[in-house]
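Proteins get letters first, then strands, A, B, ... in listed order; numbering begins at 1 in each.
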Amino acid sequence: MKEINVSEIIPVVRKLCIDTNYYASEDVVIKIKEFLEKEVSPTGRDILQLILENHKMAAEELMPMCQDTGVAVVFVELGQDVHLVGGDFYEAINEGVRQGYVDGYLRKSIVEDPVIERKNTRDNTPAIIYTDIVPGDSLKITVAAKGGGAENMSEVKMMKAADGIEGVKDFVVDRIKRSGGNPCPPVVVGVGIGGSFEQCALLAKKSLLRPITEKNPDPVWAAVEEEILERINKLGIGPQGLGGRTTALAVSILQMPCHIASMPVAVNVNCHCHRHESVVIE
Amino acid sequence: MANEIHLRTPLKTEDLEKLKVGDKVLLTGKVYTARDAAHKRLVELVEAGKQLPFDIEGAAIYFVGPSPARPGKPIGSAGPTTSYRMDPYSPALLDVGLKAMIGKGPRGPKVIDSMVKNKAVYLASIGGAAVVTAQSVKSCKIIAYEDLGAEAIRELEVEEFPAFVANDTKGNDIFQLGVEKYRR
Ligand code: SF4
């Protein structure tokens with residue numbers, strides 16, 4: 001049994017929150033450059049160039065790439081041989097988020113009551129935390145900063161088995177079409193299929209963690225991803241919705257078994273900031 | 001490269017009438033920030049016939065809630081927020097002299113009609129390129145609704161703030177025209 005003191009987690013989460021907001025990830029930079037070469041719209045090219053320039057400036061100025069520094073979504077993979085000691089694990093994660101958002105000059109975008117008062121909590125907590133228990137004795141923490149503009153374009157649909165794979169493709173493409181310029185295209189499209197109503201939404205969010213330079217390991221699903229991506233990039237929405245061929249940088253699908261009567265499908269839209277960072281504590 | 005046009009606030013109708021969707025503009029002068037909560041209060045003032053906290057004649061409003069500024073900097077990252085949330089409020093402000101709105105994403109038909117009627121424009125700035133846009137902000141001061149935090153109204157002094165004409169004074173909409181042009 002390995003012991004990890006929860007106080008060790010605070011600075012780790014703090015740094016993850018800051019780094020993911022300041023530094024563009026390599027896979028995103030590669031993909032944007034790739035699409036920039038193919039973009040035929042002059043405005044579209046202009047915008048993609050500004051996004052790349054923004055990555056550099058954010059890193060130099062130590063400023064977040066976007067002012068919406070998101071809600072902190074924290075994915076934990078906790079080895080079953082780890083014993084967490086020294087206090088409340090979730091409170092330690094929230095303390096890390098608090099310190100990261102306050103010390104890193106990140107925007108605080110969380111309201112306490114979602115409807116009535118909508119009063120800002122002023123430190124961006126609480127984080128949204130998902131924990132998976134996995135074999136082994138390490139602890140992996142991933143922080144994803146999820147902006148509101150893209151999250152608001154997401155949707156869950158309880159589809160019928162008869163809708164088939166074509167139905168799934170149509171739903172995903174249509175969801176992006178209806179989103180237009182709102183989620184700050186170019187976007188990354190996360191898709192979760194199967195499970196249950198809530199599980200497919202979580203799958204969609206988790207699918208966004210795969211590096212966008214990597215294909216789906218299953219060739220059948222890789223082909224589906226590629227076809228959906230191609231169809232999305234024919235919609236004409238383009239960077240920021242002002243017209244062009246670069247509407248999505250990647251489509252990422254995760255699927256799992258489900259009930260014979262169901263076929264839940266979720267689309268979780270992410271913007272080009274596509275912010276997430278992980279650390280393994282051993 | 002798209003056409004680059006320099007604009008200065010307060011905006012004049014004749015300058016705006018020359019703009020076409022897709023033009024790149026570089027905006028200089030005073031710009032006021034406001035998001036949902038501030039818009040609600042502004043429209044309440046207009047409806048009550050009261051004075052607004054800034055001169056709206058020829059003004060530009062930027063839909064933004066910036067991140068906190070580092071010490072010594074005028075502002076933190078400052079890219080646009082999604083504009084459709086301001087749609088219910090914008091026509092009332094256009095009717096009293098607002099000339100330009102800056103944000104991201106398309107506007108509804110009522111706002112577009114109101115822009116035609118009032119000879120005003122909507123400019124799209126680049127969501128997620130918030131450090132680039134922040135560089136054009138030279139000063140920033142809160143002038144109203146400090147209680148709203150990131151959503152308070154700020155008076156920005158901007159220099160060559162980059163944006164694209166998304167709706168011109170003739171009712172053209174780049175979110176439709178651009179998509180039609182590049183759809184396959
Ligand atoms: S969708 Fe992304 S890029 Fe656009 S404002 Fe939100 S966080 Fe920023």
Side-chain angles (χ1 to χ4, degrees), chain A residues 21 40-47 50-69 102 104-109 118 120 122 147-150 152-153 177 179-185 233-245 247 271-273, chain B residues 1-4 21-24 33 36-37 64-71 73 75-85 103-107 124-135 147-151 162-166 173-184:
Chain A
N21 272 295
V40 291
S41 148
T43 308
R45 275 205 303 277
D46 237 22
I47 293 170
L50 279 169
I51 291 172
L52 291 171
E53 195 185 321
N54 191 65
H55 291 161
K56 287 200 194 117
M57 278 182 146
E60 277 167 28
E61 302 276 331
L62 299 178
M63 279 168 79
M65 293 178 278
C66 184
Q67 77 290 338
D68 182 353
T69 51
V102 172
Y105 299 92
L106 306 181
R107 201 181 78 186
K108 289 76 180 171
S109 312
R118 288 188 72 85
N120 199 300
R122 297 191 166 269
N152 286 347
M153 297 298 120
K177 187 177 176 186
S179 305
N182 293 316
C184 293
N233 285 331
K234 281 184 181 163
L235 291 172
I237 295 169
Q240 296 299 308
L242 306 188
R245 300 271 159 81
T247 304
C271 56
H272 60 82
C273 286
Chain B
M1 181 67 77
N3 245 345
E4 272 191 11
V21 291
D23 286 346
K24 185 176 183 181
T33 74
D36 322 35
V64 59
S67 64
R70 279 187 178 272
K73 297 263 180 184
I75 200 164
S77 298
T81 192
T82 314
S83 303
Y84 72 78
R85 297 197 318 269
K104 69 170 171 99
R107 312 306 303 272
S125 73
I126 297 125
V131 186
V132 170
T133 37
Q135 300 306 310
D147 59 302
L148 295 178
E151 298 203 45
F164 296 88
V165 179
D173 182 7
I174 200 169
F175 293 99
Q176 277 188 6
L177 298 174
V179 169
E180 275 161 25
K181 187 162 170 196
Y182 293 102
R183 190 193 294 145
R184 283 187 292 181

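- For chain A, the nearby parts of B:P106 are the backbone and the side chain; heavy atoms of each come within less than 4.5 Å.
- At a 4.5 Å heavy-atom cutoff, B:L148 makes no contact with chain A through either its backbone or its side chain.
- The two residues A:R107 and B:A150 come nearest to each other via the heavy atoms CD-CB, 4.2 Å.
- Between chain A and the residues B:A129, B:A124, B:S125, the largest count of heavy-atom pairs under 4.5 Å involves B:A129.
- Neither the backbone nor the side chain of B:T133 comes within contact range of chain A; no heavy atom of the residue lies under 4.5 Å from a heavy atom of that chain.
- Side-chain contact annotation: A:S41 with A:R45, donor-acceptor N/O pair under 3.5 Å absent.
- Across B:G127 and A:C184, no two heavy atoms sit closer than the pair CA-SG, 3.6 Å.
- Annotation: the span from A:Q240 atom CD to B:F175 atom CZ amounts to 8.0 Å, rounded to 0.5 Å.
- Heavy atoms closer than 4.5 Å to chain A are found in the backbone of B:A78, but not in its side chain.
- For B:E180, no part sits under 4.5 Å from any heavy atom of chain A, backbone or side chain.
- Environment of CZ in B:R70: crowded, with over 12 heavy atoms of neighbouring residues, nucleotides or ligands closer than 6.0 Å.
- Interface residue B:A69: only backbone heavy atoms are found under 4.5 Å from chain A.
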